[in-house]
A.B. asks: 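Here it is, the structure in full.
Because only heavy atoms are used, hydrogens play no part in the values below, and waters and symmetry mates are left out as well, while side chains stay in. Residue numbering restarts at 1 for every chain, and letters A, B, ... go by the order of the sequence lines.
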Amino acid sequence: MSDLKTALGEAVAAAFAAEGVPADLARVTPSDRPDLADFQSNGALAAAKRVGKNPREIATAVAERLKGDPRLSSVEIAGPGFINLKVADAALSDRANAVAADPRAGAETMAVPRRVIVDYGGPNVAKEMHVGHLRASIIGESLKRIYRFRGDEVIGDAHFGDWGFQMGLLIAAVCDTHPAIAELVEDLNARGEVTEADKGRLAVLATLGLDDLGALYPPAAERAKGDVEFRNRARRLTAELQSKKAGYYALWERFRDVTREALIRDFHALGVDFDWWKGESDVEDLIGPMVADLDAKALLVDDQGARIVRVDRNGETRPKKLADGTVVEAPWPDPLLVVSSEGSAMYGTTDLATILDRRRAFDFDLVIYCVDQRQADHFEIVFRAAYLAGYADEGQLIHVGFGTMNGTDGKPFKTRAGGVLKLNDLIEMTREKARERLHEQSLGEDVSADEFEEIASKVAVAALKFADLQNFRGTSYIFDLDRFSSFEGKTGPYLLYQVVRVKSLLRRAAGEAARPGPVIVGESAERDLVLALDAFDAALADAYDKKAPNILAEHTYRVAQAWSKFWAACPILQAEPAVCASRLTLATATLRQLELALDLLGIATPDRM
RNA sequence: GCGCCCGUAGCUCAACCGGAUAGAGCAUCCGCCUUCUAAGCGGACGGUUGCAGGUUCGAGUCCUGCCGGGCGCGCCA
């Protein structure tokens with residue numbers, strides 16, 4: 001069952017072919033002039049250029065062939081050669097009935113499913129989530145759901161940042177401030193193992209909360225910048241952790257566990273859930289063999305004491321400014337730094353090993369890295385190295401970058417105090433606004449305290465997510481607190497509100513024993529609603545191809561808006577029985593598609609609000 | 001220095017391989033609740049798509065140059 005756009009596209013293509021003009025140009029799109037038509041084809045214009053004929057002549061001939069099509073109520077030529085198509089009410093009714101009967105609300109699945117990993121979120125040990133994590137989580141989660149819904153087998157991986165230099169910093173900071181822990185760690189280090197008898201003593205580690213770690217880390221990172229001795233100590237601790245020295249490892253396990261537990265909870269509250277919480281630490285054991293393999297493949301080169309893989313092709317170079325200000329012609333992209341001059345693995349090394357790990361655990365066709373746009377060069381380098389080493393096939397690794405959330409000054413967002421805004425604080429602020437609003441509606445009187453809180457959370461999350469998802473992911477945008485926690489207009493709560501209205505209507509209809517029946521399209525608001533519903537599959541496919549959830553967000557808003565106009569223009573329960581039945585079916589179809597689409601955006605809907 | 005991204009209404013953002021009159025929301029103003037949830041609906045106002053050229057029947061979209069902003073450029077991740 002295809003949508004009207006596709007079906008009409010095929011009809012126009014057939015007419016093109018019959019006229020001897022290239023049928024591949026016969027694309028049908030929703031009309032730019034809804035006052036004139038439902039759909040249009042601009043193909044005659046492009047075809048005219050290609051075959052050297054007058055576009056109006058082609059359009060006229062094609063239109064003549066289309067006029068017999070019972071699905072079309074009118075076919076007209078306008079301007080230089082636009083073919084304007086109006087769909088017959090009967091065809092719209094048929095389509096509406098098909099969408100209403102379809103559990104997928106008119107969305108297709110793909111003929112050839114792929115195996116896809118979506119790497120998103122970017123959580124790190126000891127770091128509470130801040131607004132900067134919002135985009136990575138929201139966009140990645142939505143892409144994961146869209147891909148899965150279209151039929152792919154999809155794994156969402158948090159790719160937990162739990163290894164590396166920050167761990168050394170954190171160990172140093174904790175040992176300096178917690179003498180009891182320092183003592184335990186040293187003791188375990190000295191003995192070289194953790195035994196059953198140590199279980200009780202390990203309880204002291206449990207006193208370390210995420211708050212403590214979050215407070216300790218920033219000053220430690222700051223200190224490491226200026227304090228060479230401290231930095232070297234942290235490096236040494238990092239190396240000792242990586243060699244799994246018992247005390248440090250036990251301490252690190254606490255870091256990892258306490259952070260992961262809190263983050264899983266926070267992500268879940270945002271409607272973000274990962275299939276894998278693989279950490280950088282999980283690929284640590286793969287790095288040694290991988291380096292040996294790269295060496296065996298003669299890809300590793302010694303350079304300034306480090307070991308690198310050159311990824312530039314055929315001597316690609318680019319002028320490059322050095323630290324001292326001089327400009328030299330250097331290979332581009334930069335090489336992948338695999339082993340530092342101190343012998344440790346780097347960021348890119350871990351990423352490369354992660355590709356191997358994923359290949360082993362899940363034989364992917366595609367890995368989507370939903371990560372900040374600023375990492376674009378880094379991924380280009382890692383991907384090239386992976387292709388060179390044969391760890392993935394060309395094109396299987398894709399970086400889907402997104403822009404930053406900026407403040408009104410155009411720089412990455414900071415609170416007035418100059419700090420980062422914690423994600424939990426943002427959610428709670430928005431939730432509080434939702435509670436106030438719900439009290440104004442005096443909804444608190446009708447629902448339980450638990451449901452009240454659940455509704456407030458859903459409203460808050462919908463507001464935040466939709467505010468982000470309606471922007472194209474690739475561009476940076478200005479984060480405005482008022483806009484993100486706004487409930488009117490083109491917002492998440494508006495969408496929820498339309499869903500709630502349908503649900504309310506259907507509850508009432510059930511009470512009055514009003515039953516849905518065949519759709520008979522008549523009113524213009526009904527036509528518009530069916531046309532909006534019909535566009536679901538195209539929006540999904542486009543969002544999928546472009547990896548751009550904002551396309552689906554836009555579609556969802558249009559359906560909600562068409563529903564709201566329909567609601568205002570067309571009485572439902574008061575209508576005569578056949579019309580009432582038709583409109584109830586439209587309402588049911590709208591509800592299903594809205595809830596599906598919102599779910600794909602990662603937005604859950606309440607029953608009332 | 002080189003590279004990538006961006007510049008659209010007062011503000012925040014859209015715009016389907018280049019196509020008709022560049023669309024939404026917010027803000028401002030005017031209407032609409034004795035009828036299914038007014039977090040709504042209708043209407044008005046608002047544009048030289050940063051500037052200058054070029055390609056094209058046709059450019060916000062493609063090309064060149066300039067101006068303005070953001071980001072990146074091996075031993076952090």
A.B. asks: Can a side chain N or O of Arg501(A) be found less than 4.0 Å away from OP1 or OP2 on C36(B)?
C.D. replies: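 Indeed not, no polar side-chain atom of Arg501(A) lies that close.
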A.B. asks: Output the single nucleotide from C16(B), C75(B), A77(B) whose closest atom is nearest the side chain of Arg27(A).
C.D. replies: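 Nearest to the side-chain atoms of Arg27(A), counting from C-beta on, is C16(B).
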A.B. asks: Do Arg437(A) and Phe487(A) form a cation-pi contact, if we require the NZ or CZ to be under 6.0 Å from the six-membered ring centre and within 45 degrees of the ring's axis?
C.D. replies: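 No, cation not above the ring by the 6.0 Å, 45° rule.
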A.B. asks: Report which part of the nucleic acid Ser564(A) touches: base, sugar-phosphate, or nothing (heavy-atom distance under 4.0 Å, all strands).
C.D. replies: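 Sugar-phosphate only.
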A.B. asks: Could you tell me whether the side-chain ring of Phe82(A) sits stacked on the base of A20(B), using a centroid cut-off under 5.5 Å and a plane angle under 30°?
C.D. replies: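 Answer is yes, a stack.
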A.B. asks: Measure from the side-chain heavy atoms of Tyr497(A) and tell me the nearest of C13(B), U37(B), A20(B).
C.D. replies: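 Nearest listed nucleotide: U37(B).
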A.B. asks: Quick check against the 3.5 Å criterion: does Asp303(A) have a side-chain atom that pairs as donor or acceptor with the backbone of Ala306(A)?
C.D. replies: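 Between the backbone of Ala306(A) and the side chain of Asp303(A) there is no qualifying donor-acceptor contact (under 3.5 Å).
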A.B. asks: Applying a 4.0 Å non-hydrogen cut-off, can you work out what Arg235(A) is touching in the nucleic acid: base, sugar-phosphate, or nothing?
C.D. replies: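 The residue Arg235(A) makes sugar-phosphate contact but no base contact.
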A.B. asks: Does a nitrogen or oxygen in the side chain of Lys565(A) sit under 4.0 Å from OP1 or OP2 of G42(B)?
C.D. replies: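 For G42(B), OP1/OP2 do have a side-chain N/O of Lys565(A) under 4.0 Å.
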A.B. asks: Where the side chain of Asp32(A) is defined as all heavy atoms beyond and including C-beta, which of C16(B), A77(B), G74(B) is the nearest nucleotide?
C.D. replies: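 The closest nucleotide is C16(B).
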A.B. asks: Ignoring the backbone of Trp567(A), work out which of C36(B), C26(B), A77(B) is nearest its side chain.
C.D. replies: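 So the nucleotide nearest the side chain must be C36(B).
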A.B. asks: Which is true for Cys580(A) with a 4.0 Å heavy-atom rule: it touches a base, it touches only sugar-phosphate, or it touches nothing?
C.D. replies: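 Nothing, no heavy atom under 4.0 Å.
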A.B. asks: Do the side-chain N or O atoms of Arg508(A) get closer than 4.0 angstrom to the phosphate oxygens (OP1, OP2) of U37(B)?
C.D. replies: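 For U37(B), OP1 or OP2 has a side-chain N or O of Arg508(A) closer than 4.0 Å.
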A.B. asks: Give one of base, sugar-phosphate or nothing for Asp542(A), where a contact means two heavy atoms less than 4.0 Å apart.
C.D. replies: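 Touches nothing.
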A.B. asks: Please confirm whether any donor atom in the side chain of Asp24(A) sits under 3.5 Å from an acceptor in the base of C17(B), or the reverse.
C.D. replies: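 Answer no: no donor N or O sits under 3.5 Å from an acceptor.
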A.B. asks: Tell me whether the side-chain N or O atoms of Asn42(A) pair up with the base of G18(B) as donor and acceptor below 3.5 Å, since no angle test is needed here.
C.D. replies: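 A donor-acceptor contact between them is absent.
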A.B. asks: At 4.0 Å (heavy atoms only), tell me whether Ile77(A) reaches a base, stays on the sugar-phosphate, or touches nothing.
C.D. replies: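 Since no nucleic acid heavy atom lies under 4.0 Å of Ile77(A), the category is nothing.
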A.B. asks: Need the pair for C73(B). Rule: Watson-Crick or G-U wobble, both distances under 3.5 Å, any strand; none if unpaired.
C.D. replies: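 Across all strands, the one nucleotide that pairs with C73(B) is G1(B).
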A.B. asks: Is a side-chain donor-acceptor pair under 3.5 Å present for Gln40(A) with Asp32(A)?
C.D. replies: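 A donor-acceptor contact under 3.5 Å links the two side chains.
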A.B. asks: Suppose we define a pair by two distances each less than 3.5 Å, Watson-Crick or G-U wobble; what does C32(B) pair with here?
C.D. replies: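 Check on C32(B): paired to G40(B), both distances under 3.5 Å.
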A.B. asks: Find the partner of U49(B): check Watson-Crick (N1-N3 plus N6-O4 or O6-N4) and G-U wobble (N1-O2, O6-N3) distances, both under 3.5 Å, and reply none if neither fits.
C.D. replies: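 U49(B) is unpaired by these criteria.
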A.B. asks: Any side-chain N or O of Tyr347(A) below 4.0 angstrom from OP1/OP2 of A77(B)?
C.D. replies: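 Looking at the OP1 and OP2 atoms of A77(B), neither is under 4.0 Å from any side-chain N or O of Tyr347(A).
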A.B. asks: Heavy atoms under 4.0 Å, any strand shown: does Leu45(A) hit a base, just sugar-phosphate, or nothing?
C.D. replies: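 Base, at least one base atom sits under 4.0 Å.
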A.B. asks: Categorize Gln304(A) for me: base, sugar-phosphate, or nothing, with a 4.0 angstrom heavy-atom threshold over every strand shown.
C.D. replies: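 Base contact - Gln304(A) has a heavy atom under 4.0 Å of at least one base atom.
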A.B. asks: Using heavy atoms to find the nearest nucleotide of RNA chain B for Gly79(A) and Gln166(A) separately, return the residue whose nucleotide is more 5′.
C.D. replies: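 The 5'-side residue here is Gly79(A).
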A.B. asks: Under the side chain to side chain contact (heavy atoms under 4.5 Å, CB included) test against Thr605(A), which residue among Val500(A), Val499(A), Leu495(A) passes?
C.D. replies: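 Only one option passes, and that is Val499(A).
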A.B. asks: Within less than 4.0 Å of OP1 or OP2 of A14(B), is there a side-chain N or O belonging to Thr475(A)?
C.D. replies: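 For A14(B), OP1 or OP2 has a side-chain N or O of Thr475(A) closer than 4.0 Å.
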A.B. asks: So which nucleotide does A15(B) pair with, by the Watson-Crick or G-U wobble rule with both distances under 3.5 Å?
C.D. replies: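 Answer to the pairing question: none, since A15(B) forms no Watson-Crick or G-U pair.
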A.B. asks: Students often get this wrong, so: under 4.0 angstrom with heavy atoms, is Asp482(A) touching a base, only sugar-phosphate, or nothing?
C.D. replies: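 No contact.
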A.B. asks: Within 45 degrees of the axis of the six-membered ring of Phe230(A) and under 6.0 Å from its centre: does Arg223(A) put its NZ or CZ there?
C.D. replies: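 Relative to the ring axis of Phe230(A), which defines the angle, Arg223(A) lies inside both limits.
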A.B. asks: Quick one: on RNA chain B, does Gly305(A) or Tyr477(A) contact a more 5' nucleotide (nearest heavy atom)?
C.D. replies: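 Of the two residues, Tyr477(A) wins.
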A.B. asks: Which label fits Phe466(A) and Tyr557(A): parallel for a plane angle under 30°, tilted from 30 to 60°, or perpendicular past 60°?
C.D. replies: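 Phe466(A) and Tyr557(A): tilted rings.
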A.B. asks: Donor-acceptor pair, distance only, cut-off 3.5 Å: does the side chain of His133(A) make one with the backbone of His130(A)?
C.D. replies: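 It does hold such a pair.
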A.B. asks: Look at all strands and tell whether Arg483(A) reaches a base, only sugar-phosphate, or nothing, counting heavy atoms closer than 4.0 Å.
C.D. replies: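 Result for Arg483(A) = sugar-phosphate.
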A.B. asks: Using a 4.0 Å heavy-atom cut-off, does Asn471(A) contact any base of the nucleic acid, only the sugar-phosphate backbone, or nothing at all?
C.D. replies: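 Result for Asn471(A) = sugar-phosphate.
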A.B. asks: By nearest atom, which of the nucleotides A20(B), C13(B), C75(B) is closest to the Ala78(A) side chain?
C.D. replies: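 Shortest atom-to-atom distance from the side chain points to A20(B).
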A.B. asks: Between the base of C75(B) and the side chain of Ser341(A), is one N or O donor paired with an acceptor at under 3.5 angstrom?
C.D. replies: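 Check passes, donor-acceptor contact within cut-off.
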A.B. asks: In whole Å, I'd like the distance from the OH atom of Tyr557(A) to the C1' atom of G23(B).
C.D. replies: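 That distance rounds to 11 Å.
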A.B. asks: Partner of A27(B) by Watson-Crick or G-U wobble geometry, both contacts under 3.5 Å, or none?
C.D. replies: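 No nucleotide pairs with A27(B).
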A.B. asks: Which nucleotide sits closest to the side chain of Gln574(A): U12(B), A24(B), U35(B)?
C.D. replies: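 Between U12(B), A24(B), U35(B), the one nearest the side chain of Gln574(A) would be U35(B).
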A.B. asks: Looking across every strand, which nucleic acid part, if any, lies under 4.0 Å from Gln561(A) by heavy atom: base, sugar-phosphate, or nothing?
C.D. replies: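 Here Gln561(A) touches the backbone only, sparing every base.
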A.B. asks: Under a 3.5 Å limit for both distances, which nucleotide forms a Watson-Crick or G-U wobble pair with A22(B), could you say?
C.D. replies: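 The answer is none; no pair meets the criterion.
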A.B. asks: With a cut-off of less than 4.0 Å, is there a side-chain N or O of Ser340(A) near OP1 or OP2 of C75(B)?
C.D. replies: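 It does not, given that no N or O in the side chain of Ser340(A) lies less than 4.0 Å from OP1 or OP2 of C75(B).
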A.B. asks: What does Gln375(A) touch in the nucleic acid at a heavy-atom separation under 4.0 angstrom: a base, only the sugar-phosphate, or nothing?
C.D. replies: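 Gln375(A): base contact, heavy atoms under 4.0 Å.
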A.B. asks: With both distances kept under 3.5 Å, what pairs with G60(B), Watson-Crick or G-U wobble?
C.D. replies: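 With both distances under 3.5 Å required, G60(B) matches none.
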A.B. asks: Counting distance only, does the side-chain N/O of Thr259(A) pair as donor-acceptor with the main-chain N or O of Val125(A) below 3.5 Å?
C.D. replies: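 Flag not set: sc Thr259(A) to bb Val125(A) has no pair under 3.5 Å.
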A.B. asks: State the pairing partner of G68(B); accept Watson-Crick or G-U wobble contacts with both distances under 3.5 Å, and report none otherwise.
C.D. replies: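 Pairing partner, where one exists within any strand: C6(B).
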A.B. asks: Counting the atoms with a prime plus P, OP1 and OP2 as sugar-phosphate, which does Asp162(A) contact under 4.0 Å by heavy atoms, base, sugar-phosphate, or nothing?
C.D. replies: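 Asp162(A): no heavy atom of the nucleic acid under 4.0 Å.
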A.B. asks: Between His555(A) and Asp542(A), is there a side-chain donor-acceptor contact under 3.5 Å, judged purely by atom types and distance?
C.D. replies: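 Checked: Asp542(A)/His555(A) side chains show no N/O donor-acceptor pair below 3.5 Å.
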A.B. asks: Would the base of A20(B) count as contacting Gln40(A) through its side chain, where contact means a donor and an acceptor less than 3.5 Å apart?
C.D. replies: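 Pair found.
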A.B. asks: From the set G74(B), A20(B), C41(B), return the single nucleotide nearest to any side-chain atom of Ala568(A).
C.D. replies: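 Of G74(B), A20(B), C41(B), C41(B) is nearest to the side chain of Ala568(A).
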A.B. asks: With distance as the sole criterion, do the side chain of Asp35(A) and the base of A20(B) form a donor-acceptor contact below 3.5 Å?
C.D. replies: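 Side chain to base: no pair present.
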A.B. asks: Name the nucleic acid region contacted by Ala306(A), choosing base, sugar-phosphate or nothing; use a 4.0 angstrom heavy-atom cut-off, strictly under.
C.D. replies: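 Here Ala306(A) touches the bases of the nucleic acid.
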A.B. asks: A39(B), C75(B), G25(B): which one has an atom nearest the side-chain heavy atoms of Met346(A)?
C.D. replies: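 Looking only at heavy atoms from C-beta outward on Met346(A), the closest nucleotide is C75(B).
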A.B. asks: Counting side-chain heavy atoms from C-beta on, which of G72(B), A77(B), C36(B) comes nearest to Arg374(A)?
C.D. replies: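 Of the candidates, G72(B) comes closest.
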A.B. asks: Check every atom of U12(B), C16(B), U37(B) against the side chain of Arg608(A) and return the nucleotide holding the closest atom.
C.D. replies: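 Of U12(B), C16(B), U37(B), U37(B) is nearest to the side chain of Arg608(A).
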A.B. asks: Do the rings of Phe383(A) and Tyr369(A) sit parallel, tilted or perpendicular, given the 30° and 60° boundaries?
C.D. replies: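 The rings of Phe383(A) and Tyr369(A) sit tilted, inter-plane angle from 30° to 60°.
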A.B. asks: Would you tell me if any nitrogen or oxygen in the side chain of Tyr494(A) comes within less than 4.0 Å of OP1 or OP2 on C41(B)?
C.D. replies: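 For C41(B), OP1/OP2 do have a side-chain N/O of Tyr494(A) under 4.0 Å.
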